[in-house]
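Presented below is the structure to which this report refers.
Since we're looking at a predicted model, the values are computed, not measured. Order of appearance sets the numbers: ligands from 1, and atoms from 1 within every ligand.
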Amino acid sequence: MFDYVLVKEQKIPVVADVDVLIAGGGCAGVGAAIAAGRDGARTVLIERMFYLGGTMTGGLMSKIAIAPWNRGLAAELLERMDQYQGTAWMQSRPEVPVDPELAKLLLDKMVVDEAGVDVRFGTVVSDVIREGREIKAVIISNIKGLQAIRAKYFIDCTGDGQLGFLAGAAAMIGSDDGGLGSAPTLMFRIAHVDVDKFIDAQEKDEEEFKSARTRHSPQEMRERYHAHRYIFFVDYMPFIKRRLAENPAMFSGWEQQVLTTRGLIFINQPQDGVILVNSTRILKFRGNDDVELSSAMVAGRRQIETIFRFMKNFFPGFEQSIIMDTGSLLGIRESRRIEGDYVFTERDISASTRFWDAVVSNNGGIEIHSPTGFGLKGSHLGKDEFYHVPYRSIIARDFNNLFMAGRCFSANHPGLSAARNIAYCIALGQAAGSAGAQLAKNGKTNVREIDIGALQEKLGDVL
Ligand SMILES: Cc1cc2nc3c(=O)[nH]c(=O)nc-3n(C[C@H](O)[C@H](O)[C@H](O)COP(=O)(O)OP(=O)(O)OC[C@H]3O[C@@H](n4cnc5c(N)ncnc54)[C@H](O)[C@@H]3O)c2cc1C
């Protein structure tokens with residue numbers, strides 16, 4: 001029988017009454033907060049961790065895909081990051097890394113100091129007060145216990161559609177036929193790597209280290225490394241298979257599977273001798289269950305131990321290396337998405353759809369990471385090809401005052417796989433933040449009363 005406890009009625013103090021409330025301070029939440037704050041809205045951002053950036057910082061997933069022509073807040077943020085950390089990574093567009101720890105410092109400056117947003121860290125959005133199609137308030141939980149915040153507009157930037165879920169909004173999860181979504185990855189960084197020695201070894205015996213996906217020649221790697229430009233080291237699969245065959249007792253069957261599921265993929269960081277590894281893969285994951293989330297973190301750390309052991313033992317230059325840190329957030333590629341007035345799909349990508357209510361333009365291709373094993377299903381768009389994401393995909397179908405931005409926006413499984421990159425999450429957040437500010441300023445009570453022309457003018461650089 002279903003066991004339960006009864007919660008008694010209680011008075012929860014209302015600690016703020018604002019124009020715009022943003023749940024979640026990942027890159028979408030940051031985009032929404034800066035836009036709403038700059039547009040003059042009284043804005044609160046609720047974040048369960050004690051830093052901004054979400055997957056991009058705490059998840060250590062800090063290589064940002066941004067088309068060369070895409071401007072807006074994402075480009076502004078990356079340009080400031082490059083200056084701040086003394087790199088020339090904007091030259092590497094369409095892929096620009098940021099240092100996750102420095103990004104936390106810069107995001108505090110941009111969101112709290114410059115945009116004047118009231119950020120509540122260590123605070124979880126845990127419930128919603130709803131009347132019909134309106135959200136009246138959210139209940140938050142933090143060191144003071146339960147509190148309530150009222151707002152005119154709410155933006156779900158939790159990545160997992162948690163605010164929408166708590167409010168009872170219709171949501172999608174996994175693939176469109178009821179299957180699983182893309183697999184997540186727990187990222188980690190390694191320090192004390194002699195990168196020059198690693199490149200030397202590749203120069204001496206290019207064949208030994210080559211794989212079908214090798215991106216840079218050793219000479220190019222060296223030039224980029226010394227110019228503080230980023231290098232995509234990928235994926236060393238034949239090398240791994242040879243070492244495993246020569247040392248069959250060194251790794252268990254499970255560990256061998258870990259090492260050959262994705263190969264070894266990593267990039268350099270601004271600090272000399274530090275690399276960031278994107279090589280774990282958690283299989284058969286949905287992302288809406290606390291027990292599953294907990295065991296995914298444990299499995300991710302187990303995989304990290306195996307991967308690190310291989311690299312330290314077999315990669316020249318890794319002899320003195322140590323694990324520097326592991327993600328404090330799991331890198332979730334997809335979980336719940338809230339259903340909007342429009343569901344963005346792969347058809348919009350292949351047709352390069354131009355929407356009358358466009359709020360973001362994107363040129364990311366489909367990228368589905370196999371939920372059950374090795375493999376990536378994908379497509380690429382040409383350098384000048386792009387499609388739009390419409391305003392209707394960031395407003396919740398079941399509500400008058402709820403937006404969602406970032407990886408929980410209204411998209412089906414392949415649609416999300418293309419439009420979940422960091423720059424586009426920032427841009428979706430920026431659109432929702434600006435829209436909320438405009439509506440609140442004009443005394444409107446429904447997201448559908450937006451002056452779309454004025455919003456698009458404001459987002460000009462993004463479109
Ligand atoms: C392994 C991996 C590789 C990737 N590779 C790339 C790449 O190379 N380039 C690229 O551009 N993109 C990449 N992406 C995609 C990109 O990183 C994510 O799609 C993007 O960062 C998601 O941002 P978000 O703000 O929507 O969500 P998140 O980053 O998940 O942020 C959500 C935030 O909400 C907070 N939160 C959640 N629930 C609550 C709650 N109830 N109360 C308070 N706070 C809450 C979380 O703590 C978090 O800070 C990758 C993603 C992964 C996982």
Apply side chain to side chain donor-acceptor pair (under 3.5 Å) to T345 and N412, showing your working. CA-CA 5 Å; T345 74; N412 74 347; 4.9 Å; no
Can you see whether D160 engages T158 through a side-chain donor-acceptor pair at a distance of less than 3.5 angstrom? no
Just jot down the ligand 1 atoms closer than 4.0 angstrom to any heavy atom of G331, in number order. 53 (C)
State whether a side-chain donor-acceptor pair under 3.5 Å links Q438 with D39. no
Which ligand 1 atoms, with their elements, are less than 4.0 angstrom from a heavy-atom of G26? 25 (O), 31 (O), 33 (C), 49 (O)
Contact with ligand 1 for V124, non-hydrogen, under 4.0 angstrom: yes
Nearest atoms (heavy-atom pairs only) where I332 meets L293: CD1-CD2, 3.8 Å
Identify the protein heavy atom lying closest to atom 13 (C) of ligand 1, giving its residue, its atom name and the separation to 0.1 Å. N421 OD1, 3.7 Å
Close approach, T123 and ligand 1, non-hydrogen under 4.0 angstrom: yes
Residue, atom and distance of the protein heavy atom nearest atom 7 (C) of ligand 1 read K63 O, 3.0 Å
Does even one non-hydrogen atom of C157 get within less than 4.0 Å of ligand 1? yes
Would you mind checking which non-hydrogen protein atom is closest to atom 36 (N) of ligand 1, with the distance to 0.1 Å? R48 NE, 3.6 Å
I want to know if ligand 1 touches V125 in the polar sense, i.e. an N/O pair below 3.5 angstrom. yes
Does an N or O from R407, backbone or side chain, lie closer than 3.5 Å to an N or O of ligand 1? yes
Considering only heavy atoms of I46, which atoms of ligand 1 have at least one such atom less than 4.0 Å away? 43 (C), 44 (N)
N/O donor-acceptor pair under 3.5 Å between D127 side chain and I139 backbone: no
Within a distance under 4.0 Å of any heavy atom of A65, pick out the atoms of ligand 1 and give their elements. 9 (N), 10 (C), 11 (O)
Could you check atom 19 (O) of ligand 1 against the protein and tell me its nearest heavy-atom contact, residue, atom and distance included? R420 O, 2.6 Å
Polar side-chain atom of R333 near backbone of S417 as donor-acceptor pair, under 3.5 Å: no
Distance (rounded to the nearest 0.5 Å) between L276 CG and D99 CG: 9.5 Å
More than 12 heavy atoms of other residues, nucleotides or ligands under 6.0 Å from CZ of R302: is that the case? no
What protein heavy atom lies closest to atom 34 (O) of ligand 1? Include the residue and the distance to one decimal. G24 CA, 3.2 Å
Using a plain distance cutoff, I'd like to know if G29 has any nitrogen or oxygen under 3.5 Å from a nitrogen or oxygen of ligand 1. no
Is it the side chain, the backbone, both or neither of Q162 that has a heavy atom closer than 4.0 Å to ligand 1? side chain
Does I332 approach ligand 1 within less than 4.0 angstrom via side chain, backbone, both or neither, non-hydrogen atoms only? backbone
When distances are taken from atom 39 (C) of ligand 1, the protein heavy atom at minimum range is T158 CG2, 3.8 Å
What do we get for V30 next to ligand 1 when only non-hydrogen atoms under 4.0 Å count, side chain, backbone, both or neither? neither
Taking the side chain from R407 and the backbone from E334, do they hold a donor-acceptor pair closer than 3.5 Å? no
Atoms in ligand 1 flagged as close to T185, the criterion being non-hydrogen separation under 4.0 Å: 1 (C)
Give the intermediate values and the outcome of salt bridge (Lys or Arg N to Asp or Glu O under 4.0 Å) for residues R420 and E367. CA-CA 10 Å; R420 65 179 165 75; E367 189 185 293; 3.5 Å; yes
Distance flag, aromatic centroids of F318 and F233, threshold under 6.0 Å: no
Measure from the side-chain N and O atoms of R336 to the backbone N and O of I173, and report whether any donor-acceptor pair falls under 3.5 Å. no
Taking only non-hydrogen atoms of I64 and a 4.0 Å limit, the atoms of ligand 1 in range are 11 (O)
Winner among C408, C27, A183 once heavy atoms are compared against atom 20 (C) of ligand 1: C27
With heavy-atom distances below 4.0 Å as the criterion, list the atoms of ligand 1 near A28. 25 (O), 26 (O)
So, regarding E47 and ligand 1 (criterion: nitrogen or oxygen to nitrogen or oxygen, under 3.5 Å), is there a contact or not? yes
When distances are taken from atom 17 (O) of ligand 1, the protein heavy atom at minimum range is I422 CG1, 3.5 Å
Of D357, D341, D348, the one forming a salt bridge (charged side-chain N to carboxylate O under 4.0 Å, His left out) with R392 is D357
N401 side-chain N/O to K152 backbone N/O, donor-acceptor pair under 3.5 Å: yes
State, with a plain yes or no, whether a side-chain heavy atom of L381 is found less than 4.5 Å away from one of Y387. yes
Heavy-atom proximity to atom 3 (C) of ligand 1 ranks first, among M187, M61, M404, M56, for M61
Do me a favour and list the nearest non-hydrogen protein atom to atom 28 (P) of ligand 1 with residue, atom name and distance? T55 OG1, 3.3 Å
Would you mind listing which atoms of ligand 1 come within a distance below 4.0 Å of any non-hydrogen atom of G54? 29 (O), 48 (C), 49 (O)
Check for a donor-acceptor pair, side chain of Q91 on one end and backbone N or O of R229 on the other, with a separation under 3.5 Å. no
